[in-house]
Amino acid sequence: MSTVTTTYKVTGMSCGHCETAISQEVSEIDGVSSVKAVASAGEVTIVTAGEPDDAAVGAAIDEAGYELAGRV
């Protein structure tokens, strides 16, 4: 199965702690092999095996205390 890179817009991130919190939650989703959160851009880029589950990504970002605004 090929990997897919997807970038999401996230509101509420402002610092390195925010990036870490989101990265930890999203990395626990099955199929996610890489997570890069960038607070200054308000974006989270993930690499998954196949198409990502947007609902699962949204739930993980919500669990971390932030809001998924959609795909970039």
Side-chain angles (χ1 to χ4, degrees):
M1 180 177 280
S2 63
T3 59
V4 177
T5 301
T6 309
T7 302
Y8 296 92
K9 199 73 175 166
V10 176
T11 58
M13 283 195 297
S14 61
C15 64
H17 172 77
C18 302
E19 295 171 348
T20 300
I22 287 175
S23 294
Q24 287 176 337
E25 289 294 335
V26 174
S27 67
E28 293 179 10
I29 299 170
D30 284 344
V32 172
S33 59
S34 172
V35 180
K36 180 167 179 61
V38 181
S40 60
E43 295 179 352
V44 176
T45 301
I46 67 171
V47 177
T48 53
E51 196 62 28
D53 180 347
D54 290 343
V57 173
I61 289 171
D62 183 64
E63 182 67 28
Y66 306 92
E67 185 176 341
L68 177 66
R71 289 189 184 199
V72 171

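Every side chain to side chain contact (heavy atoms under 4.5 Å, CB included) that Ser27 has, sequence neighbours left out, goes to Val35. In terms of the salt bridge (charged side-chain N to carboxylate O under 4.0 Å, His left out) criterion, residue partners of Asp54 (sequence neighbours excluded) are, by chain and number, Arg71.
For the atom pair Ile61 CD1 and Cys18 SG, the distance stands at 12.0 Å (nearest 0.5 Å). Put simply, OG1 on Thr11 and CD on Glu67 are 4.0 Å apart, with the number rounded to the nearest 0.5 Å. We find the CD-CD distance between Glu63 and Gln24 to be 12.0 Å, quoted to the nearest 0.5 Å.
Considering only heavy atoms from C-beta on, Ile29 stays 4.5 Å or farther from Asp53 through its side chain. The shortest side-chain heavy-atom distance between Val47 and Val32 does not fall under the 4.5 Å cut-off. Residues Val57 and Ile46 meet the side-chain proximity criterion, which asks for heavy atoms closer than 4.5 Å. Between Val44 and Met13, some side-chain heavy-atom pair lies under the 4.5 Å cut-off. Here the side chains of Val4 and Pro52 are in contact, with some heavy-atom distance below 4.5 Å.
Of all the heavy atoms in Ala64 and Glu25, the pair that sits closest is CB-CG, 3.8 Å. Across all non-hydrogen atoms, the minimal contact from Leu68 to Gly58 is CD2-CA, 3.6 Å. Closest heavy-atom contact between Gly12 and Tyr66: O-CE2, 3.4 Å.
At least one donor-acceptor pair under 3.5 Å links the side chain of Glu19 to the backbone N or O of Ala39. Of the possible polar contacts, none joining the Lys36 side chain to the Ser23 backbone as a donor-acceptor pair under 3.5 Å is found.
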